Amino acid sequence: ARAPAVEAALVDESTRMLDYLRAEVAALTKKNVTLARENDVLKRGNEAARRAHAAAGDSFKAVSAHVATLGNANARLKKERKHLVRAADLLKEELAMKQAIYAAQVASFSKLRNVMETMVETADARGVEPGVVEELRVLAGLRLHDDGIA
């Protein structure tokens, strides 16, 4: 059999080993609890990040759709603007033409008025009957056009 001192040393060594292992188990258990808590926090953070990523993806899709809609509206507005510019150019040309016609009519009516006034003065100077001269003056004073042109 073994010597009592050797057995006591073995029991003492075993006791120290058990104490050490108990301390290690306690430390590892504490570390396990800490890591489990940290894992839970990371899981929650990961889930929040996943939801945020999904929401960002949805927002990106919505913004992309809106950009496409705005692009289509912009293209339509550019086309409409092009048509409106053409129409405005045509209207400007038409206005210029009408103004030229109006100016020509005014000049023509002015010349006609001068001729009529000259005819009245000539008739008066040549001694045409005063009643006829007066009729000619009335006729010379009439409007030549309904648009207010002299």
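Predicted model, so just to flag it, every value in this text is computed and none were measured.
- Considering R44, K43, R51 as possible partners of E47, the one that fulfils the salt bridge (charged side-chain N to carboxylate O under 4.0 Å, His left out) test is R51.
- Under a cut-off of 6.0 angstrom, the local environment of CZ in R81 is sparse, with at most 12 non-hydrogen atoms contributed by other residues, nucleotides or ligands.
- Using a cut-off of 4.0 Å between Lys/Arg side-chain N and Asp/Glu carboxylate O, R22 and D19 are scored as salt-bridged.
- A 4.5 Å side-chain heavy-atom check between H66 and V63 finds every atom pair outside the cut-off.
- Atom-to-atom distance recorded for K79:NZ and N74:CG is 14.0 Å, nearest 0.5 angstrom.
- A distance-only check finds a donor-acceptor pair linking the side chain of S59 to the backbone of A55 [under 3.5 Å].
- Side-chain atoms of S14 come within 3.5 Å of backbone N or O of L10 as a donor-acceptor pair.
- In this structure, the separation between CG on N114 and NZ on K111 is 10.0 Å, given to the nearest 0.5 Å.
- Residues T29 and V25 are in side-chain contact: their nearest non-hydrogen atoms beyond the backbone lie under 4.5 Å apart.
- Atom OG1 of residue T122 and atom CZ of residue R126 lie 6.0 Å apart, to the nearest 0.5 angstrom.
- Between K98 and E94 a salt bridge is recorded (basic side-chain N to carboxylate O distance below 4.0 Å).
- The shortest non-hydrogen separation linking L139 to M116 is O-CE, 3.4 Å.
- A123 approaches L136 most closely through the heavy-atom pair CB-CD1, 4.0 Å.
- Rounding to the nearest 0.5 angstrom, the gap separating the CZ atom in R16 from the CG atom in L21 is 12.5 Å.
- Note that the CG atom of L70 and the CG atom of L77 stand 10.0 Å from one another [nearest 0.5 Å].
- In this structure, L28 CG and T34 OG1 are separated by 11.0 Å, a value rounded to the nearest 0.5 Å.
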